[in-house]
Amino acid sequence: MLTTRPRGTNDILPGEVEKWQYLEELARQVCREYGYGEVRTPVFEHTELFARGVGETTDIVEKEMYTFTDRGDRSITLRPEGTAAAVRAYVENKLYAMPQPIKLFYIGPMFRYDRPQAGRYRQFHQFGVEVFGSDSPAVDAEVIAMAMDIYERIGLKDLELHINSVGCPDCRPILREKLQEHFRPHLANLCPNCQGRFERNPLRILDCKNEKCQNIGRHAPTTLDALCAACDSHFELVKSYLDAVGVQYIVDNRLVRGLDYYTRTAFEIMARDIGAQSSVGGGGRYNGLIEECGGPPTPGIGFALGLERILLTAERQGITFPVTRGPAVFIATVGTEVEKQAFTLLQQLRRQGIAAEKDYLGRSLKAQMKYAGKLDARLVIILGEEEVARGVAVVRDMQAGEQQEVPMGGMVDYIKAKS
RNA sequence: GUGGAUAUAGCUCAGUUGGUCAGAGCACCAGAUUGUGGCUCUGGGGGUCGUGGGUUCGAGUCCCAUUAUCCACCCCA
């Protein structure tokens, strides 16, 4: 155990971490353009926040949270998602008193106690945004378009955007009743899971993957059949805004997401070829959540993208990220006499903003050259006792395979000019 | 929480019906004119065969347990 990481977690090492940095920077850039400010909240919160915010009956709260009691006897939970904490921060810091809407983004680790499999980990990373304080369908469209924009800039292909409207507190009870009416005669034939959902949240029976449930639900009324006039027109406007900017979508009237807080717009983005866990992102509107969490009645909407799954999709699709290059300069030495000069030169170069490296294992010149090649250094400065005595050093261009003598006094300037 | 598969050098894997089976390729290190990389050649280091039991004269090779990984269910990112 001493040398194995906890189940479902990952080390991201040099070589891999550059992809993460690239992704994160891309997301931050898009946020700048769309006007979203970063919020950094704790990775743990009071358990109660998630129980109330995410929903007591969700799988996340019922069986997937990393919950523990701290030394002060408080129940603490490692955040399983980002929205609840963002809402808490909005309320606690009274951001509702600022000019609305408030547009935030976050990026960081989330924790869920699941059985790991392809694209699913116990510690995983999400990038997400939240907009508080506007119920405009244009905001729904902005948020969805932004997510799609990010995928597109990464270069992901063949993604499917599914959208739906799950109604509001006015129309959902009506749908709920209609659904129960439809499923009641077949109650005994539903899967055990859905039998429980019948009372708690009949909406969820609609997107159950169980074959029997799907058959029974085939002719059930869908979310869109019961929308009230306000929700219906909201949904129509969202679609028209998406149409206006050319965002392709599939209306999926069986899409019901697993978190209880969604109202009206719900959406999910799926990728092919990354296994069963095909969702690379999702989100929706949550007009009741902020009030539920103790804030003033405030509409909100957001999405979250799974970074591991994005990276997995990119890998499967053969998408390459900008590669990081090796050091501009490698300083090789011959003889112990020149070590100090090499070290001094190394630091001078670095202070000029030039990535420079040297050997620290006492390697032979041949081995140093080989090592420099492995590091993908562009130039190698060879400090030989003979040349140094004459005040010069050899600079070798590794790509061209050519080298020449350069006076030590002008070395930094020479390298600067070359790199 | 349920089911299936896998677990041999840093990596990818061979290892026949249990008896030189502890190997290969790559990687790493060193040499091939005692001051020069990328190709080639030669040599070298490195593994309690996931862990713990058991069967057997003898087990990577069979059995059980355990841990981990992978895949799927469930759920979601």
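In what follows, every chain begins at residue 1, and chains take the letters A, B, ... in the order their sequences are listed.
- A:Arg7 has a side-chain polar atom (N or O) that falls below the 4.0 Å cut-off from OP1 or OP2 of B:U69.
- A:Ala372 comes within 4.0 angstrom of no nucleic acid atom, judged by non-hydrogen atoms across all strands.
- Put simply, the side chain of A:Arg115 and the base of B:U2 share a donor and an acceptor less than 3.5 Å apart.
- A:Glu62 and A:Thr57 share no side-chain donor-acceptor pair at under 3.5 Å.
- A gap of 13 Å separates the P atoms of B:G23 and B:G47, to the nearest Å.
- In this structure, A:Arg112 atom CZ and B:G1 atom P are separated by 17 Å, rounded to whole Å.
- In this entry the distance linking CG of A:Leu159 with P of B:A77 reads 16 Å, nearest Å.
- Ring geometry for A:Phe127 against A:Phe105 counts as tilted: the plane angle lies between 30° and 60°, on a 0 to 90° scale.
- Contact annotation: side chain of A:Gln117 to base of B:C74, donor-acceptor pair present below 3.5 Å.
- Nucleic acid contact class of A:Gly335 (heavy atoms, under 4.0 Å, all strands): none.
- As rounded to whole Å, 18 Å separates atom P of B:A77 from atom CZ of A:Arg122.
- Regarding A:Asp114, its CG atom lies at a distance of 13 Å from the P atom of B:A72, rounded to whole Å.
- Comparing A:Ala118 and A:Tyr262 along RNA chain B, the residue whose closest nucleotide (by nearest heavy atom) sits nearer the 5' end is A:Ala118.
- Among the atoms of the strands shown, none is found under 4.0 Å from any heavy atom of A:Gly283.
- Counting only Watson-Crick and G-U wobble pairs whose two key distances fall under 3.5 Å, RNA chain B forms stems of three or more stacked pairs at B:1-7 with B:67-73, B:10-13 with B:23-26, B:28-32 with B:40-44, B:50-54 with B:62-66.
- Taking atom CZ on A:Arg363 and atom C1' on B:A30, their separation rounds to 12 Å, with Å as the unit.
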Could you run through nucleotides 35-51 of chain B and give me one letter per nucleotide, 5' to 3': B if any protein heavy atom sits under 4.0 Å from the base, S if only the sugar-phosphate is that close, - if neither?
BBBB-------------
For a quick test of your reading: what N or O donor-acceptor pairs under 3.5 Å do the side chains of residues 377-386 of chain A make, sequence neighbours left out?
{"unit_1": "A:Arg378", "atom_1": "NH2", "unit_2": "A:Gly326", "atom_2": "O", "d": "2.7"}

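- Annotation: B:G54 and B:G1 have their C1' atoms spaced 31 Å apart (nearest Å).
- The P atoms of B:C74 and B:G18 are separated by 40 Å, rounded to the nearest whole Å.
- Distance, A:Glu62 CD to B:C76 P: 11 Å, rounded to whole Å.
- Going from the P atom of B:U56 to that of B:C63 covers 16 Å, rounded to whole Å.
- For the P atoms, the distance linking B:G25 with B:U67 amounts to 38 Å, nearest Å.
- The distance between atom CG of A:Leu312 and atom C1' of B:C71, rounded to the nearest whole Å, is 13 Å.
- Salt bridge status for A:Lys103 with A:Glu130: absent, with no side-chain N to carboxylate O gap under 4.0 Å.
- Look at A:Glu38 and A:Arg40 and you find a salt bridge, because one of the NZ, NE, NH1 or NH2 atoms lies within 4.0 Å of a carboxylate O, short of that distance.
- One finds a salt bridge joining A:Asp149 and A:Arg153 here, because a Lys/Arg side-chain nitrogen approaches an Asp/Glu carboxylate oxygen to under 4.0 Å.
- In summary, A:Arg254 and A:Asp207 do not engage in a salt bridge, as defined by a charged side-chain N under 4.0 Å from a carboxylate O.
- Atom name C1', nucleotides B:G46 and B:C26: the rounded distance is 14 Å, in whole Å.
- For A:Asp135 and A:Arg285, the salt-bridge test passes: some basic side-chain N is under 4.0 Å from an acidic carboxylate O.
- In this structure, B:G60 shows a glycosidic angle within 90 degrees of zero, which is the syn conformation.
- To the nearest whole angstrom, the two C1' atoms, one in B:A27 and one in B:G45, are 13 Å apart.
- For the P atom pair drawn from B:G19 and B:A32, the interatomic distance equals 44 Å after rounding to whole Å.
- No more than 12 heavy atoms of other residues, nucleotides or ligands lie within 6.0 Å of CZ in A:Arg272, so this atom counts as exposed by the packing criterion.
- For A:Arg120 and B:C71, a side-chain-to-base donor-acceptor distance below 3.5 Å is absent, hydrogens and geometry of angles not being considered.
- For B:C76, the OP1/OP2 oxygens have a side-chain nitrogen or oxygen of A:Arg204 closer than 4.0 Å.
- For the pair A:Lys63 NZ and B:G1 P, the computed distance is 11 Å after rounding to whole Å.
- Between A:Glu45 and A:Arg88 there is a salt bridge, with a side-chain nitrogen of the basic residue lying less than 4.0 Å from a carboxylate oxygen of the acidic one.
- Using a cut-off of 4.0 Å between Lys/Arg side-chain N and Asp/Glu carboxylate O, A:Lys19 and A:Glu16 are scored as salt-bridged.
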